[in-house]
Amino acid sequence: MTTSERQKPVFRFAPSPNGPLHLGHALSAFLNRDMAEASHGRLLLRIEDIDLTRCTPEFEAGILSDLDWLGIGWESPVRRQSEHFPEYQAALQALIERGLVYPAFLTRGEVKARVSAYEAAGESWPRDPDGTPHYPATDRERPKAESREMLASGKRHAWRLDMRKALDLTGELLFWTEIGDGRTGEIAAEPEVWGDVILSRSDAPSSYHLSVVVDDALQGVTHVVRGLDLFHATSVHRLLQVLLDLPQPIYHHHRLILDADGRKLSKSEGDSGLGELRARGMSGSDVRRLVGL
Ligand code: GLU
């Protein structure tokens, strides 16, 4: 990389190949490309495929071909997260050594049963911005010796951030710079609303939160342009950047494309798949108009 490349703004489009792209992705990709061009910056493509059960090479090939059809170019090589698990592991290990994460042994079913029992008794259980119940305190409060024994016996576990400990360590309010379509300016991060977030799963050696902050830093990303559905996740990303001593990019969370019922488009429901628009004979510039650009 030359010195002038290093100083250029760096944007990235980071789809997960767990389904076909839809209009919301097209908006994201166009905005990243437009902003990179307007600032004489670089555009990277990152394939976020840590979920090895849902991501497939076929979906990845579909993403590359859809972007081509939209007329969007990117730098190569493409970074594929599944090829970089050791980097995420190293970041996790650093947090383990500082006692900021703990092994979490409860299964999804056990957590669900515990929350249901609590709620059935009329108590309210905290939920994160996505509506998922916070992880119970059981494993965080488990005596260290017992956790070590359970780890040594090979019991399946994830790793979760000890949110209270992390916040005590950072001590002060954290902010990020937001220039997107919703609230803008210096936004106060509220990572506590997520509870003890998962950083590594029993079936995947990293989580979205961990790999995204590690990659944005390793790739020198200066501008994160993505949908408003990830606005609140940025609180966790900001905290992880401080804990791991990583630089902070500028964030631009853009409007979402909603379906006729006002719901966010989702890959799983096959909404407005780009493949279908393409089969109907539409062009990249038709799609630009469709997403309001
Ligand atoms: N991989 C995420 C998705 O497809 C996007 C992550 C990001 O842009 O930070 O929704």
Side-chain angles (χ1 to χ4, degrees), residues 10-33 35-36 43-56 59-60 62-64 66-67 70 72 74 78-85 88 91 129-130 132 176-182 187 189 191 194 197-199 201 204 206-241 246-258 263-274:
V10 180
F11 293 79
R12 84 321 188 254
F13 176 54
S16 300
N18 56 10
L21 295 188
H22 56 58
L23 283 176
H25 297 104
L27 174 61
S28 223
F30 277 133
L31 285 175
N32 270 289
R33 200 269 311 268
M35 290 175 75
L43 176 60
L44 311 179
L45 173 65
R46 185 164 77 222
I47 299 294
E48 300 210 323
D49 60 348
I50 52 172
D51 183 345
L52 300 172
T53 54
R54 292 170 62 218
C55 296
T56 69
F59 284 134
E60 181 185 319
I63 289 173
L64 301 187
D66 282 345
L67 289 175
L70 291 175
I72 293 175
W74 59 89
V78 168
R79 184 173 174 93
R80 199 171 285 112
Q81 290 188 322
S82 58
E83 293 168 356
H84 295 276
F85 285 130
Y88 315 133
D130 290 341
T132 305
W176 81 82
T177 306
E178 175 66 49
I179 56 169
D181 295 338
I187 307 288
W194 290 94
V197 284
I198 195 159
L199 296 188
R201 301 182 175 279
S206 184
S207 74
Y208 160 64
H209 295 306
L210 184 63
S211 44
V212 84
V213 295
V214 168
D215 280 352
D216 285 340
L218 282 173
Q219 296 190 286
V221 170
T222 57
H223 292 72
V224 171
V225 179
R226 60 187 179 193
L228 270 166
D229 51 333
L230 290 168
F231 185 89
H232 294 292
T234 310
S235 287
V236 175
H237 301 172
R238 194 60 209 107
L239 175 62
L240 288 174
Q241 284 156 2
L246 304 175
Q248 57 165 320
I250 291 170
Y251 289 88
H252 177 119
H253 290 95
H254 60 74
R255 64 190 161 84
L256 300 176
I257 308 262
L258 304 176
R263 281 176 326 194
K264 193 187 117 187
L265 299 182
S266 100
K267 284 183 197 151
S268 45
E269 288 158 31
D271 285 318
S272 315
L274 296 185

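Numbering of residues begins at 1 and proceeds along the displayed sequence. Counting starts at 1 for both ligands and their atoms, in listed order. All values reported here derive from a predicted model rather than from experimental measurement.
Residue Tyr208 approaches ligand 1 through these ligand atoms, each under 4.0 Å from one of its heavy atoms: 6 (C), 7 (C), 9 (O). Each of the atoms 9 (O) of ligand 1 lies under 4.0 Å from some heavy atom of Val212. Within the listing of ligand 1, atoms 1 (N), 2 (C), 5 (C), 6 (C) sit less than 4.0 angstrom from a heavy atom of Glu48. The Pro15 neighbourhood of ligand 1 comprises atoms 4 (O), with distances under 4.0 Å to a heavy atom of that residue.
In this structure a side-chain-to-backbone donor-acceptor pair under 3.5 Å is missing from Asn18 to Arg54. Checked by atom type and distance alone, the side chain of Thr177 never pairs as donor or acceptor with a backbone atom of Ile250 at under 3.5 Å.
With atom 5 (C) of ligand 1 as the reference point, the heavy atom nearest to it among Ala14, Gly19, Ser16 is part of Ala14.
Taking a 4.0 Å cut-off on heavy atoms, Phe13 fails to register as neighbouring ligand 1.
Note that CZ of Phe11 and NE2 of His252 are 9.5 Å apart. Values are rounded to the nearest 0.5 Å.
Side-chain N/O atoms of Tyr88 and Asp215 include a donor and acceptor closer than 3.5 Å. Between His254 and Arg226, the side chains place no donor N or O within less than 3.5 Å of an acceptor N or O (distance only, hydrogens not considered). With 3.5 Å as the limit, one finds no donor-acceptor pair spanning the side chains of Gln219 and Arg12.
Only the side chain of Arg12 comes within contact range of ligand 1, with a heavy atom under 4.0 Å; no backbone atom does.
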